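Note that the structure is a prediction, hence the values are computed from the model and not measured.
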Amino acid sequence: MKLHLSSPSTDHLQANIPITGSKSESNRSLLLQALYPNVTIGNLSNSDDAEVMQKGLKIEKGVVDIHHAGTAMRFLTAYFASQEGREVTLTGSKRMTERPIKVLVEALQSLGADITYGKDHGYPPIHIKGKRLVKTQVSLPATISSQYISALLLIAPSLENGLELDLIGKITSVPYIKMTLALLSGIGVENSFEGNRITVRPKASVDTVQLVVESDWSSASYFYGIVALCAVGTQITLSSYKKDSLQGDSVLAGLYRSFGVETVFTENSIILKKTSTHETEPLDFELANAPDIAQTIAVSCFGLGMGCHLTGLHTLKIKETDRLEAMHTELSKLGAHISVTDRSLTLHPSDTLRKDVAIDTYHDHRMAMAFAPLALKTSLFINDAEVVSKSYPDFWEDLEKLGIGVRKL
């Protein structure tokens with residue numbers, strides 16, 4: 001599906017938009033529910049990733065195809081490895097078979113798991129024979145994707161002797177690790193995170209408890225981008241959010257002050273207000289704890305003619321696409337002066353903004369949504385726009401609520 005996006009009739013937007021639950025929290029909660037049926041879930045994400053996770057957890061034997069869902073790949077690898085008597089082949093899209101899984105597989109194998117590769121060593125598809133895992137100690141490089149770490153932590157309380165996890169080196173994406181541990185605490189699982197060691201105590205069963213998923217801050221980022229590109233006086237309300245969020249991307253509230261966007265927290269919503277003009281000096285943000293908002297920030301800067309230097313982006317190269325190279329390609333089409341390394345992105349201030357450019361999305365939902373706010377500044381096309389269903393199926397309909405023109409071609 002190709003879409004043509006055009007600007008609204010006013011640059012003083014007003015809207016109230018409910019956002020689906022965080023897919024990160026949803027998939028963690030779904031795995032805990034599979035381990036402990038007394039757990040119920042409120043405000044579950046309606047994303048493709050959450051749907052794939054739900055379906056995958058129910059399969060006893062055979063092929064589990066998670067398509068593009070990287071979180072599901074990591075979490076289900078650990079889950080099935082610990083499920084005695086279950087035997088599956090875990091696979092996904094062509095891009096998924098190019099995304100590394102070796103570090104997690106080796107960690108699970110060190111605990112006694114039976115996992116073999118179906119094709120290329122270190123990559124899906126993988127064949128898993130579930131076993132009772134009784135070993136308690138494992139180590140991982142601290143600089144890897146936090147999803148590998150969370151996958152082990154989520155199954156840890158169901159293991160006979162729990163788990164001691166040592167992280168080697170400087171830890172990245174700490175908020176996502178803390179999110180996982182907070183959810184474990186929420187169902188009564190004892191855990192500790194001291195220095196580079198995480199300990200999770202075993203728990204055979206839990207009392208009846210509901211985990212209520214907060215709405216997705218990554219999804220909120222695109223509305224921060226929209227408000228940043230609007231006139232002073234714009235106001236968009238998003239629900240349901242909380243000030244003490246478990247999600248790393250909640251740093252948006254602070255970062256977007258540089259764009260003149262203030263965040264007001266109410267009982268269960270956030271109000272985004274454009275209260276002033278943006279800063280004029282190039283922005284320098286370290287995003288190791290929130291890499292998923294890098295694309296949004298870079299596009300916001302480009303749309304406002306600002307420069308930026310974004311670092312801590314090393315995990316973006318193994319996402320749905322190599323997001324750093326994709327950003328270089330697509331922003332360059334629009335006239336940006338941009339350079340990237342394997343862990344950073346640098347955008348130079350520019351007044352150039354070409355019109356009617358077709359943005360390729362590379363099967364990556366965040367590419368489609370991050371570029372959408374530029375419709376406030378220029379006419380553009382989004383190729384394969386349906387990829388947004390991975391995390392935010394209602395995204396294009398919600399843009400229309402703002403008055404942004406969304407036309408299928």
Side-chain angles (χ1 to χ4, degrees), residues 19-62 64-67 69-88 90 92 104 108 113 128 130-133 146-160 162-163 165 176-191 198 200-218 240 242 245-247 390-391 393:
I19 306 291
T20 186
S22 159
K23 73 180 181 70
S24 296
E25 280 191 49
S26 292
N27 281 349
R28 286 163 170 78
S29 299
L30 284 167
L31 197 153
L32 292 176
Q33 184 183 57
L35 295 173
Y36 302 105
N38 278 1
V39 173
T40 60
I41 306 171
N43 196 34
L44 187 69
S45 170
N46 65 349
S47 65
D48 287 352
D49 276 21
E51 184 178 337
V52 163
M53 186 76 178
Q54 289 182 81
K55 290 180 178 177
L57 287 165
K58 295 175 183 176
I59 295 175
E60 293 289 333
K61 294 183 184 295
V64 180
D65 186 347
I66 53 79
H67 306 293
T71 307
M73 173 60 74
R74 280 77 178 259
F75 289 1
L76 290 176
T77 295
Y79 174 73
F80 284 117
S82 67
Q83 295 298 293
E84 191 172 11
R86 295 172 77 170
E87 185 172 348
V88 302
L90 193 53
L104 177 58
L108 288 163
I128 307 171
K131 293 177 62 178
R132 186 168 63 94
L133 306 179
S146 64
Q147 291 177 10
Y148 296 135
I149 299 166
S150 288
L152 293 169
L153 298 178
L154 287 165
I155 66 165
S158 70
L159 305 183
E160 190 172 313
L163 191 68
L165 174 60
Y176 287 99
I177 298 172
K178 290 185 174 180
M179 175 197 293
T180 302
L181 295 176
L183 290 170
L184 291 176
S185 297
I187 64 170
V189 173
E190 294 181 25
N191 62 81
I198 305 174
V200 179
R201 303 294 301 165
K203 193 168 183 65
S205 62
V206 303
D207 296 332
T208 299
V209 62
Q210 184 180 50
L211 295 175
V212 179
V213 179
E214 184 186 14
S215 291
D216 194 77
W217 275 92
S218 303
S240 302
K242 54 189 180 184
S245 175
L246 301 177
Q247 299 173 48
K390 186 178 193 299
S391 62

For residues [X] and [Y], report the shortest heavy-atom separation together with the two atoms involved.
| X | Y | answer |
| --- | --- | --- |
| Pro157 | Leu184 | CG-CD2, 3.9 Å |
| Gln210 | Ile41 | NE2-C, 4.1 Å |
| Ser215 | Asn43 | OG-ND2, 3.6 Å |
| Leu35 | Leu154 | CD1-O, 3.4 Å |
| Asn27 | Ala72 | ND2-N, 4.5 Å |
| Val209 | Gly186 | CG2-O, 3.6 Å |

Is any side-chain heavy atom of [X] less than 4.5 Å from a side-chain heavy atom of [Y]?
| X | Y | answer |
| --- | --- | --- |
| Val52 | His67 | yes |
| Lys23 | Thr71 | yes |
| Arg28 | Ser150 | yes |
| Ser29 | Val213 | yes |
| Tyr36 | Lys203 | yes |
| Leu152 | Leu159 | no |
| Asn38 | Gln33 | no |
| Asp49 | Ser391 | no |

Are more than 12 heavy atoms, taken from residues, nucleotides or ligands other than Glu190, located less than 6.0 Å from that residue's CD atom? no
More than 12 heavy atoms of other residues, nucleotides or ligands under 6.0 Å from NZ of Lys178: is that the case? no
To the nearest 0.5 Å, what is the distance between [atom1] on [X] and [atom2] on [Y]?
| X | Y | atom1 | atom2 | answer |
| --- | --- | --- | --- | --- |
| Ile177 | Leu153 | CD1 | CG | 7.0 Å |
| Leu31 | Gln54 | CG | CD | 12.0 Å |
| Asn191 | Thr180 | CG | OG1 | 10.0 Å |
| Leu104 | Ile149 | CG | CD1 | 10.5 Å |
| Ser158 | Leu32 | OG | CG | 9.5 Å |
| Ser82 | Lys131 | OG | NZ | 12.5 Å |

Using the rule side chain to side chain donor-acceptor pair (under 3.5 Å), only one of Ser240, Ser22, Ser245 pairs with Glu214; which is it? Ser245
Strictly distance-based, threshold 3.5 Å: is any side-chain N or O of Glu87 a donor or acceptor partner for the main-chain N or O of Lys61? no
Is it true that a side-chain atom of Glu25 and a backbone atom of Ser45 form a donor plus acceptor pair closer than 3.5 Å? no
I'd like to check the side-chain hydrogen bond (donor to acceptor under 3.5 Å, both in side chains) partners of Lys55; sequence neighbours left out, ordered by chain and number. Glu51
Please tabulate, one pair per line, all N/O donor-acceptor pairs under 3.5 Å involving side-chain atoms of residues 73-80, not counting sequence neighbours.
{"from": "Arg74", "atom 1": "NH1", "to": "Gln147", "atom 2": "OE1", "distance (Å)": "2.5"}
{"from": "Thr77", "atom 1": "OG1", "to": "Met73", "atom 2": "O", "distance (Å)": "2.6"}
{"from": "Tyr79", "atom 1": "OH", "to": "Arg86", "atom 2": "NH1", "distance (Å)": "2.8"}

What's the verdict on side chain to side chain contact (heavy atoms under 4.5 Å, CB included) for Ile198 and Leu181, showing C-alpha distance, side-chain angles and the deciding distance? CA-CA 9 Å; Ile198 305 174; Leu181 295 176; 3.9 Å; yes
Can you check salt bridge (Lys or Arg N to Asp or Glu O under 4.0 Å) on Lys390 and Asp48, steps first, answer last? CA-CA 5 Å; Lys390 186 178 193 299; Asp48 287 352; over 6 Å; no
